[in-house]
Structures are given as C-alpha cells and as structure tokens.
Q: 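Supplied in structure tokens, the structure appears directly below.
As the structure is a computational prediction, the values presented were derived from the model and not from experiment. Sequence lines set the chain letters: A, B, ... in the order given, protein chains first and strands last, and positions in each chain run from 1.
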There are 4 protein chains.
Amino acid sequence: MEKSARKEREFKTRRADILEQAEKIFAVKGFYSATMAEIANASGFSIGSLYQYFESKDNLYSKMISEKLDLMHEQVREKVKVASGIAEKMEMIVAAHFQFVENNEDFCRLFLRGENAAPSEVMTSLRQKIMDGYSQHLTFVENELKEGIKRGILRPFPSRDMAAVLLGLIRSAAVDWMLFPKKASLLSRKDFILSVFLRGVQQNET
Amino acid sequence: MEKSARKEREFKTRRADILEQAEKIFAVKGFYSATMAEIANASGFSIGSLYQYFESKDNLYSKMISEKLDLMHEQVREKVKVASGIAEKMEMIVAAHFQFVENNEDFCRLFLRGENAAPSEVMTSLRQKIMDGYSQHLTFVENELKEGIKRGILRPFPSRDMAAVLLGLIRSAAVDWMLFPKKASLLSRKDFILSVFLRGVQQNET
Amino acid sequence: MEKSARKEREFKTRRADILEQAEKIFAVKGFYSATMAEIANASGFSIGSLYQYFESKDNLYSKMISEKLDLMHEQVREKVKVASGIAEKMEMIVAAHFQFVENNEDFCRLFLRGENAAPSEVMTSLRQKIMDGYSQHLTFVENELKEGIKRGILRPFPSRDMAAVLLGLIRSAAVDWMLFPKKASLLSRKDFILSVFLRGVQQNET
Amino acid sequence: MEKSARKEREFKTRRADILEQAEKIFAVKGFYSATMAEIANASGFSIGSLYQYFESKDNLYSKMISEKLDLMHEQVREKVKVASGIAEKMEMIVAAHFQFVENNEDFCRLFLRGENAAPSEVMTSLRQKIMDGYSQHLTFVENELKEGIKRGILRPFPSRDMAAVLLGLIRSAAVDWMLFPKKASLLSRKDFILSVFLRGVQQNET
DNA sequence: AATGAATGAGTATTCATTCAT
DNA sequence: TATGAATGAATACTCATTCAT
C-alpha cells in the first residue's frame with residue numbers, strides 16, 4: 001500500500017524532528033531538568049504524541065544518544081574507508097571525529113556534562129549500549145593500527161592500547177576545545193594531534 | 001577554650017563522614033536519584049542534621065566534588081614537588097594521578113557519569129569551580145613541561161597543548177581502566193602512557 | 001468552536017468548586033494549617049490538578065479572598081444603585097453588607113482570624129489588593145454620603161471620615177454577631193445601626 | 001530567702017524581655033513565619049532558654065497577646081476610674097484606647113493581620129481568652145453607658161449594643177489610622193468619634 | 001490518531017522541641 | 001541552669017505517564 005509507505009515516511013520524519021529538538025533541550029538543561037512538556041512544545045507535538053514515538057523519557061533520551069553515537073561511528077568509518085594508505089586513514093580517523101564534534105557541538109556537550117545517569121533499567125541498558133558501541137569503535141581503530149604495526153610503520157605496542165590512546169587524544173582535544181572556547185576550529189588541531197600520536201613529544205635524540 | 005576546639009574537631013569529622021557516605025551514594029545513583037534521606041541514613045544522621053553541615057543538596061554535592069578535586073590536585077603537586085629531574089617529575093604526574101584514581105574509584109566513576117549538571121546557581125558555580133581547578137592544574141603541568149622544553153628534552157610544541165595532551169592521556173587510560181575492568185592495576189600502565197607521551201608511537205625511522 | 005467553549009465553562013466551574021471548598025477549609029483551619037492535600041481531597045481533585053487552576057497555595061488563597069471581596073463590593077453597589085433617595089441608599093449600604101455576611105459566614109470568619117499574613121510576595125500583593133478594594137469601596141460610600149451632605153441631610157463632617165464610620169459600624173455589628181451567636185439575624189440589626197449612625201446615641205434635648 | 005526573691009525578679013524581667021522582642025518579631029512576620037530561633041536570637045537567649053519561660057511557641061504567643069490585651073483593658077479602666085461624670089468617662093474610654101494604640105502600634109498591627117490562628121489546643125484557648133477579655137471589657141463599657149441611660153443623657157438603646165457600637169467606632173478609627181498613615185495623631189480624632197457616637201451624623205432639624 | 005487535563009508518587013527543606021553536655 | 005546540635009514529622013510542589021474525548 002502506498003498509504004502505509006507514506007505513513008512510515010512521515011513517522012520517521014516526525015520522530016527525527018522530536019529527536020532533534022530533544023537534543024537541543026537536553027544539551028541545555030540536562031536529562032533531569034528537561035521536561036517532556038518542554039520537548040513536546042519545542043517539537044510542535046502534544047505530550048501524548050511523544051509517547052507514540054518513544055516509550056518513555058528514558059527511552060527518548062537513550063535513542064537520541066545511541067543513534068547519534070552510531071551516526072558518529074558510521075561517519076568515521078565511512079571516511080576512513082575511502083582513504084587509502086595507513087597515514088591517510090589515521091588522518092581521517094582524527095579528522096572525521098573532529099568534524100563530527102564541530103557539527104554536533106550541542107550533542108557533544110552532553111558528554112561533558114555526562115549524565116548518562118539514573119539507575120533505571122533503560123538507562124543501564126543505554127550505558128551498556130554506549131560501552132558496546134565504544135568497544136566496537138575501538139576495535140575498528142585497532143584494526144587500522146594493526147595494519148600499521150604489521151607494515152612496520154608503528155611500534156609494536158599492544159594495538160588495543162594504542163587505539164585507546166588515539167581516541168583519548170582526540171577526546172582530550174575536543175574537550176579542551178569545548179571547555180576553553182577558541183577562535184580556531186577544532187579541525188585545525190588535527191595535525192598537532194596526529195603529530196603527537198605518531199612521533200611522540202620527545203625530542204629526537206641526535 | 002578546649003570545648004570549642006573539640007566541637008570544631010567533631011564538626012569536621014562528622015562533616016567528613018557525611019561527605020564520605022554521600023560520595024558512595026552519588027557514585028551509585030547519580031546526583032538526582034540520590035536522596036537526602038538516603039544520605040542521612042547511610043551516614044547515621046538525621047535529615048535535619050545534614051542541613052546543619054550543608055545548606056542544600058546542591059551544596060553538599062558541590063562541596064563533595066570540589067573538595068575531592070582539590071585533594072587530587074594537591075596530592076599530584078606534592079608528589080611532583082619531591083621528585084627531582086624532569087623525567088622523574090613527569091613520571092610522578094602520571095603516577096600520582098593513577099594512584100588517586102585507584103584510591104578513589106567511586107569518586108572518579110562519578111565523572112564517567114558526568115552529571116555536573118543542573119541549571120541551578122550552585123551547580124553553575126560548581127562547574128566554574130571545576131573548570132578553574134582544571135585550568136590551574138593544567139598550568140601547573142604546563143610549567144613542568146616548559147622546563148623540559150627549555151632543557152631541550154621535549155619538542156618545542158606549545159606547552160599548554162602538551163599539558164592538555166598529557167592529562168588527556170592520563171584520563172583516557174583511567175577511563176579505559178574503569179570502563180573495561182582488568183586484573184592489572186592502573187598504575188601498571190604508567191610506563192606505557194609515559195612512553196607514548198615521550199617517544200610517540202611512531203616506529204623510529206631507520 | 002463549541003468544544004473550547006465547553007472546556008472554558010468546565011474550567012470555570014471546577015475552579016469555582018475548588019475555591020468553594022478551599023474557603024471552608026481555610027475558614028476552619030486558617031491559611032497555614034490548611035494543606036493542599038486537604039483542599040484537593042475536599043474538592044475531589046488530585047493535588048496536581050489544583051496546580052492547573054492555581055499557581056500556588058498563596059495564589060489559591062489570594063484569589064479566593066480577593067474575588068469574594070470583589071463580589072461583596074459589587075453586590076453592595078448593585079443594591080445601592082437600584083435604591084432611590086439618600087435614605088434608601090444608606091439603608092441599602094447597611095442591608096447589603098449584612099446580607100453578604102449572612103450568606104458568607106465562613107468567608108467572613110476568615111477575617112475575624114485575620115491571617116492575611118505571610119511575608120511572601122503573593123501575600124503582600126494580596127494585602128495591597130485588599131486595601132485598594134477597601135479604599136475604593138470607601139470612596140463609593142463616601143460619594144453617596146456627599147450627596148446627603150449637599151442636600152443638607154447630613155452634618156458637614158469630612159465625608160471620608162463619615163464613610164469610615166459607617167463601614168466601621170457595619171463591621172462591628174457583623175463581628176459582634178459572629179462572635180456572640182444570637183438567634184436574631186444580622187439583618188435585624190440594620191435599623192439600629194442606621195439609627196445610631198444618623199442620630200447618634202445622645203438623648204434629644206427637649 | 002533573699003536569693004529566691006532576686007531569682008524571681010530576674011525571671012520576670014527576662015520573661016518580659018522575651019515577650020517584648022517576640023512582639024516585635026510577630027508583628028513583622030506573623031505567627032507562623034516567626035521562628036523560635038529568631039526570637040531567641042533577638043532576645044539574647046538560647047533556644048533552650050525560651051522553653052524555660054514558655055512551654056511552647058503557641059504558649060509564648062498566647063501569653064504575649066493575652067497579657068498585652070489585659071494591659072490595655074486595665075489601662076482603660078484605670079483612666080476611666082479617675083474621670084468624673086458620664087461625659088468625661090466616655091471621653092476617657094475613647095482617649096485611653098487611642099493612647100494604647102499609639103503606644104503599641106506593633107502589637108495592634110498584629111490584629112490587623114489577625115492570625116489568632118491555628119487549630120491547636122493552645123490557640124483555641126487563646127481565642128477563648130481574647131473573647132472573654134473582650135466580653136468583660138464590653139460589660140465594663142456597658143456599665144458606664146447604663147449610668148448615662150439612667151441619667152437620661154443617652155437614648156434607651158440596649159446598653160450592650162451601644163457598648164459594641166462605641167468599641168466598634170474606636171476600632172474602626174484605629175484601623176483606619178494604621179491602614180492609611182496620616183500625620184495627625186489618632187488621639188486627635190477623639191472628639192470626632194465622640195461626637196458621632198453621641199449625636200450621629202444627621203443634621204439637627206431646626 | 002492526536003490531544004492535553006488529570007493523576008499522585010516522590011522529595012527537598014523547615015523548624016518546634018528535646019536532651020546530652 | 002543554660003546551651004544549641006540533633007531530630008524527624010510535616011508539606012508544597014513537580015512532572016512522567018495515562019486515558020477520556
């Protein structure tokens with residue numbers, strides 16, 4: 001039926017609209033201080049309608065977080081995929097992350113604030129989902145680095161630890177950029193981070 | 001007066017007791033889900049008494065966070081102070097942080113969760129305090145690194161960025177350790193982090 | 001729209017129901033001892049619903065007082081308006097007040113108790129509103145008396161003072177009636193009050 | 001024992017001090033918003049000490065009100081006692097009340113506010129006490145007026161009603177004076193009130 | 001399907017009173 | 001006797017969720 005297809009499409013669009021507004025509000029107020037009424041209002045729906053798209057406030061928040069996080073991982077992977085060569089792939093890992101942060105600053109600020117909180121079932125499962133997603137992402141990065149080790153470009157450190165270090169460096173640059181606002185774009189710090197990661201900060205002994 | 005001195009001492013002890021219990025409860029439940037009644041109960045005081053030591057729930061949380069953070073910064077600085085030589089100082093920066101995280105895991109988990117949230121006055125001032133403390137700490141680390149640059153031990157990168165990188169590496173190792181529990185102590189990762197920071201991950205070109 | 005009109009009507013009815021029950025409870029217990037739960041219960045609404053009709057307990061109390069007071073003033077004025085001649089108008093002023101007191105004893109007892117209290121914003125504004133209402137009412141009575149002075153029926157006392165005296169006499173009769181319950185209606189004291197007001201208590205010298 | 005006599009004296013002095021401060025605070029904040037801590041502080045005693053002089057907050061308030069009211073009644077009676085002749089006695093009734101109000105404005109404002117509230121035992125008994133005191137006072141005034149009726153100076157109205165009217169006029173003048181602050185003293189309105197009471201507001205027919 | 005009024009459980013905070021010191 | 005820290009009952013208000021229309 002054509003009808004159901006259009007309905008389906010509309011459903012998704014509206015769902016996305018809600019998610020978009022919710023993200024903004026959660027970013028400003030945090031999970032607890034944001035209210036369903038507020039989100040309903042901002043997205044132009046009634047409170048009741050919100051519950052047609054999401055089971056609960058927890059669920060709305062969870063979906064918002066996890067879907068966006070998935071998007072980030074996906075974006076990173078896609079950009080890395082089209083890159084050729086270890087060096088370019090590593091550059092893309094950093095660049096893609098930075099681009100996502102710049103394009104989704106509100107969302108990322110939510111993580112400065114944290115608040116992946118609450119002891120509820122749903123929230124616990126969110127935390128698990130976040131960790132799983134992170135774990136997979138780590139594995140993805142790890143595999144790229146392994147290639148570098150194999151080719152003798154990278155030192156034979158444990159690849160998982162190296163991946164954690166790379167993501168840690170990316171994260172710390174992003175946090176620093178959000179915490180202490182600067183004129184320069186986050187992306188402009190890409191080379192610095194890459195350089196530190198690749199060559200270390202130690203003066204060449206010669 | 002002896003009397004007032006003892007009272008003073010008792011006051012501080014009890015205040016610390018409350019803070020200690022509150023930390024545990026906040027760590028498990030988060031700021032919003034933890035209740036004053038729970039904290040009162042856990043610390044063996046009545047609800048009313050809590051308010052003799054702290055103005056409000058916000059205030060209790062703020063004090064708990066900021067005092068512990070101050071303690072961390074202080075502990076790091078003291079350990080670095082007694083170290084001699086750039087290398088040893090940098091080692092101490094990493095070691096002292098790791099030790100603190102191991103000794104205060106509950107507290108640190110609070111930061112995984114984040115939740116330095118709430119749009120209230122008190123919480124806003126807490127966030128400012130956290131940022132100020134971090135900023136000062138960054139400056140402290142930066143000054144140590146500057147010495148290293150001056151002596152030609154470290155590459156002439158912007159010292160502040162290098163400091164941010166070092167703290168970022170420390171943080172990412174700590175987060176990784178808390179997120180994916182391992183048998184090995186966090187401290188055992190010190191040399192790896194230091195090595196990465198100092199020599200980088202790039203294979204020596206030969 | 002028919003719908004919104006009915007909604008509107010229902011809203012007003014329910015609001016009035018709450019006000020009516022609240023009046024009784026406040027009359028018995030006073031502002032502070034009355035609880036929102038009690039009022040909710042008595043009016044057959046949930047606690048939450050009370051807050052859909054009134055912003056706060058203070059607000060509920062304020063509206064109840066000021067709307068009823070407005071009603072009293074209005075009723076007095078309407079009855080006076082249809083009266084013809086100074087004598088009849090003055091009679092109506094007394095009669096209308098007494099009728100209101102008899103019909104709204106609970107409400108009036110609230111004023112024996114006073115309790116237009118509380119240092120809150122809302123309550124301060126209530127007190128101002130009460131005074132303003134009283135002031136206007138005084139002016140209304142004053143204008144009627146001025147007519148009597150102009151026609152040489154009343155002694156040329158300051159009209160405002162005379163108005164205050166008349167309302168004072170009305171009030172004292174009402175208070176006496178409420179304080180020391182008697183079989184006779186308050187209205188039956190109308191002629192006495194009027195007589196005292198007009199001719200005083202002094203024996204005619206002859 | 002001398003000692004106990006001094007103790008007794010001290011006790012009364014301190015009790016009076018508390019009552020004095022309490023009156024001020026109650027006048028400003030009302031019964032419910034005033035706190036025992038505040039009263040303790042203002043009167044220079046500890047909270048615990050307050051309870052050595054008064055059983056409870058209700059009791060403190062009750063005693064403050066009833067003792068001051070007794071004082072008012074007493075002062076009026078004494079001044080009336082030394083007056084000679086009906087006219088002078090009636091003048092004194094008005095003058096003595098007005099003087100008390102001027103000398104105890106804070107206290108009297110408490111009655112504008114009312115708040116002889118609370119459904120507690122103690123408060124109920126206070127209300128009874130106030131009514132009894134008022135009733136006795138009314139009887140006292142009534143007896144003076146009876147004398148006037150007997151001597152043919154006053155119209156043969158029911159004496160109790162006349163007394164209520166006189167006290168009502170006094171009250172309304174006092175309330176008006178407190179509600180709408182004026183430069184003139186309250187006492188300066190004595191003759192007006194007396195004149196209205198005696199001769200009414202009606203123009204003499206001549 | 002959409003609405004938004006109604007619900008009521010849940011919680012921070014206050015403050016009269018007590019009692020150990 | 002005096003103190004004031006400790007107590008905990010009491011209560012206004014919020015907001016996620018439901019469901020009648």
Q: Name the residue closer to the 5' end of DNA chain F, choosing between C:M36 and A:T35 according to the nucleotide with the nearest heavy atom.
A: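 Its nucleotide being nearer the 5' end, the pick is C:M36.
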Q: I'd like to check the side-chain hydrogen bond (donor to acceptor under 3.5 Å, both in side chains) partners of C:D17; sequence neighbours left out, ordered by chain and number.
A: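 By the side-chain hydrogen bond (donor to acceptor under 3.5 Å, both in side chains) rule, C:D17 matches no residue at all.
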Q: Could you list the donor-acceptor pairs under 3.5 angstrom formed by side chains in residues 35-44 of chain D, with sequence neighbours left out?
A:
| residue | atom | partner | partner atom | Å |
| --- | --- | --- | --- | --- |
| D:T35 | OG1 | D:E38 | N | 3.1 |
| D:T35 | OG1 | D:E38 | OE1 | 3.4 |
| D:E38 | OE1 | D:T35 | N | 3.1 |
| D:E38 | OE2 | D:K29 | NZ | 2.8 |
| D:S43 | OG | D:I39 | O | 2.7 |
| D:S43 | OG | D:A40 | O | 3.4 |

Q: Hey, does the Lys NZ or Arg CZ of B:K57 hover above the aromatic six-ring of B:Y51, less than 6.0 Å from the centre and inside 45° of the axis?
A: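 Because its charged atom misses either the 6.0 Å distance or the 45° angle limit, B:K57 does not stack over B:Y51.
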Q: Taking side chain to side chain donor-acceptor pair (under 3.5 Å) as the cut-off, I'd like each qualifying pair that reaches into residues 62-71 of chain B, sequence neighbours left out, listed once.
A: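 Residue pairs with at least one partner in residues 62-71 of chain B: B:R15-B:E67, B:E23-B:K68, B:K68-B:N104.
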Q: I'd like to check the ring pair (Phe, Tyr, Trp, His ring centres under 6.0 Å) partners of D:F107; sequence neighbours left out, ordered by chain and number.
A: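 Testing D:F107 for ring pair (Phe, Tyr, Trp, His ring centres under 6.0 Å), a comparison that skips the adjacent residues, returns D:F111.
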Q: Rounding to a whole Å, what distance do you find between A:Y61:OH and F:dT17:P?
A: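 Interatomic distance, OH of A:Y61 to P of F:dT17: 15 Å.
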Q: Separation of C:F11 atom CZ from E:dT3 atom C1', in whole Å?
A: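 Rounded to whole Å, this separation is 17 Å.
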Q: I need a per-nucleotide contact map over nucleotides 1-6 of chain F, read 5' to 3'. Cutoff is protein heavy atoms under 4.0 Å; write B for the base, S for backbone only, - otherwise.
A: -SBBBB
Q: Find the distance C:Y51:OH to F:dA12:P and express it as a whole number of Å.
A: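 Atom-to-atom, C:Y51 to F:dA12, this comes out as 6 Å.
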Q: Provide, to the nearest angstrom, the distance between the CG atom belonging to A:L60 and the C1' atom belonging to F:dT17.
A: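 It works out to 14 Å between those atoms.
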Q: Output the rounded distance in Å from CD (C:E55) to P (F:dT14).
A: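 Value for this atom pair: 10 Å.
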Q: How bent is the helix from E:dA2-F:dT21 to E:dT21-F:dA2, comparing axes over its five end pairs at each side, to the nearest 10°?
A: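 It comes to 0° between the two terminal axes.
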Q: Residues in side chain to side chain contact (heavy atoms under 4.5 Å, CB included) with A:A16, at least two apart?
A: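 For A:A16 there are no side chain to side chain contact (heavy atoms under 4.5 Å, CB included) partners, ignoring immediate neighbours.
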Q: Run the side-chain hydrogen bond (donor to acceptor under 3.5 Å, both in side chains) test against B:S56 and tell me which residues pass, sequence neighbours left out.
A: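 Once residues adjacent in sequence are excluded, B:S56 has no partner under the side-chain hydrogen bond (donor to acceptor under 3.5 Å, both in side chains) criterion.
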Q: Can you tell me how far P of E:dT13 sits from NZ of C:K57, to the nearest Å?
A: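 About 19 Å, once rounded to whole Å.
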Q: Expressed as a whole number of angstroms, how long is the span from C:N59:CG to F:dA12:C1'?
A: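 After rounding, the gap between these two atoms is 14 Å.
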Q: Could I get the full list of side-chain hydrogen bond (donor to acceptor under 3.5 Å, both in side chains) partners for D:Q52, not counting sequence neighbours?
A: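 D:Q52 satisfies side-chain hydrogen bond (donor to acceptor under 3.5 Å, both in side chains) with no residue once adjacent residues are dropped.
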Q: Please give, in whole Å, the distance from F:dC15 P to A:D58 CG?
A: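 Rounded to the whole Å, the gap is 15 Å.
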Q: When you look at A:Y61 and A:F54, which way does the side chain to side chain contact (heavy atoms under 4.5 Å, CB included) test go after all the steps?
A: CA-CA 9 Å; A:Y61 184 74; A:F54 303 94; over 6 Å; no
